[in-house]
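What follows is a short report on a single structure.
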Amino acid sequence: MSPRAYLIAPGDNVATLLDDAPAGTTLLCVGAAGLPAPLVTGEAIAHGHKIAVAAIAAHAAVTKFGVRIGHATADIPGGAWVHLHNLASDLDERSATLDLASGAPTDTNSAYV
């Protein structure tokens with residue numbers, strides 16, 4: 001079976017991986033209908049992470065759950081992993097200070113966290 005991605009709302013421009021997906025994999029999309037084309041991973045993406053269902057321009061809204069969750073900090077091609085390296089939260093100013101690999105805060109002394 002193909003790895004799956006879940007599109008929560010028809011207007012979302014990101015879907016969530018339900019399985020690990022290697023680069024170049026065509027995903028089976030479940031959930032809301034209306035993908036513009038087959039969704040192919042541009043890179044390996046782990047389950048639970050977001051994938052762009054179409055190209056997202058730098059500074060454009062990133063939508064999930066039918067609502068804006070942030071904005072692209074760079075152009076994001078369709079099929080790309082969407083995470084801290086190319087997405088900034090509109091809700092949490094600290095998201096720009098999180099470690100890209102672990103998501104851990106980098107703006108505090110970790111000895112006291």
Side-chain angles (χ1 to χ4, degrees):
M1 181 186 338
S2 294
R4 301 161 299 151
Y6 189 80
L7 187 66
I8 297 170
D12 289 352
N13 57 9
V14 295
T16 302
L17 272 285
L18 299 176
D19 306 289
D20 291 338
T25 301
T26 300
L27 299 173
L28 172 63
C29 275
V30 297
L35 279 182
L39 187 53
V40 178
T41 58
E43 57 200 295
I45 304 173
H47 76 279
H49 286 262
K50 294 176 291 299
I51 184 171
V53 300
I56 304 169
H59 311 291
V62 175
T63 56
K64 183 177 176 181
F65 312 109
V67 298
R68 181 179 171 130
I69 62 167
H71 61 276
T73 58
D75 289 338
I76 303 172
W81 178 39
V82 179
H83 197 54
L84 298 171
H85 65 289
N86 57 12
L87 168 69
S89 172
D90 291 337
L91 306 174
D92 181 5
E93 291 181 14
R94 286 188 68 207
S95 66
T97 68
L98 301 178
D99 179 79
L100 295 180
S102 68
T106 60
D107 62 344
T108 61
N109 184 337
S110 61
Y112 302 105
V113 176

Which heavy atom in [X] sits nearest to a heavy atom in [Y], and how many Å separate them?
{"X": "Pro77", "Y": "Ala52", "answer": "O-CB, 3.6 Å"}
{"X": "Gly31", "Y": "Tyr6", "answer": "CA-CE1, 3.5 Å"}
{"X": "Gly66", "Y": "Ala9", "answer": "N-CB, 3.6 Å"}

*Using the test side chain to side chain donor-acceptor pair (under 3.5 Å), find all partners of Asp12 that sit at least two apart in sequence or belong to another chain.*
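Applying side chain to side chain donor-acceptor pair (under 3.5 Å) to Asp12 gives none.
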*asked:* Please enumerate all residues that pass side chain to side chain donor-acceptor pair (under 3.5 Å) together with Lys64, with sequence neighbours excluded.
replied: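 With sequence neighbours excluded, Lys64 shows a side chain to side chain donor-acceptor pair (under 3.5 Å) to Thr16, given in chain and number order.
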_With His71 via ring-ring contact (aromatic ring centres under 6.0 Å, His included) - residues at least two apart_ =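 Residues passing ring-ring contact (aromatic ring centres under 6.0 Å, His included) with His71: none at all.
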*What residues, two or more places apart in sequence or in another chain, satisfy side chain to side chain contact (heavy atoms under 4.5 Å, CB included) together with Ala55?*
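Listed in chain order: nothing, the list is empty.
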*asked:* Just to verify, what does Ala57 make a side chain to side chain contact (heavy atoms under 4.5 Å, CB included) with, not counting sequence neighbours?
replied: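 Per chain and number, Ala57 pairs via side chain to side chain contact (heavy atoms under 4.5 Å, CB included) with Ala60, Asp75.
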*With no hydrogens and no angle check, is any side-chain donor or acceptor of Asp19 less than 3.5 Å from a backbone partner on Arg4?*
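Checked: pair present.
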Please tabulate, for side-chain N and O atoms in residues 38-47, each donor-acceptor pair with protein atoms closer than 3.5 Å (sequence neighbours left out).
from, atom 1, to, atom 2, distance (Å)
Thr41, OG1, Pro22, O, 2.6
Thr41, OG1, Gly24, N, 3.1
Thr41, OG1, Thr25, N, 3.0
Glu43, OE2, Trp81, N, 3.1
His47, ND1, Asp20, OD1, 3.1

*Please round to the nearest 0.5 Å and tell me the distance separating atom CD1 of Ile51 and atom CG of Leu7.*
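With rounding to 0.5 Å, CD1 (Ile51) is 11.0 Å from CG (Leu7).
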*Where at least one partner belongs to residues 48-60, residue pairs that pass salt bridge (Lys or Arg N to Asp or Glu O under 4.0 Å), sequence neighbours excluded*: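 The answer is none; no pair qualifies.
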*Under the side chain to side chain contact (heavy atoms under 4.5 Å, CB included) rule, what do Asn13 and Val82 come out as? Steps first, then yes or no, please.*
CA-CA 10 Å; Asn13 57 9; Val82 179; over 6 Å; no
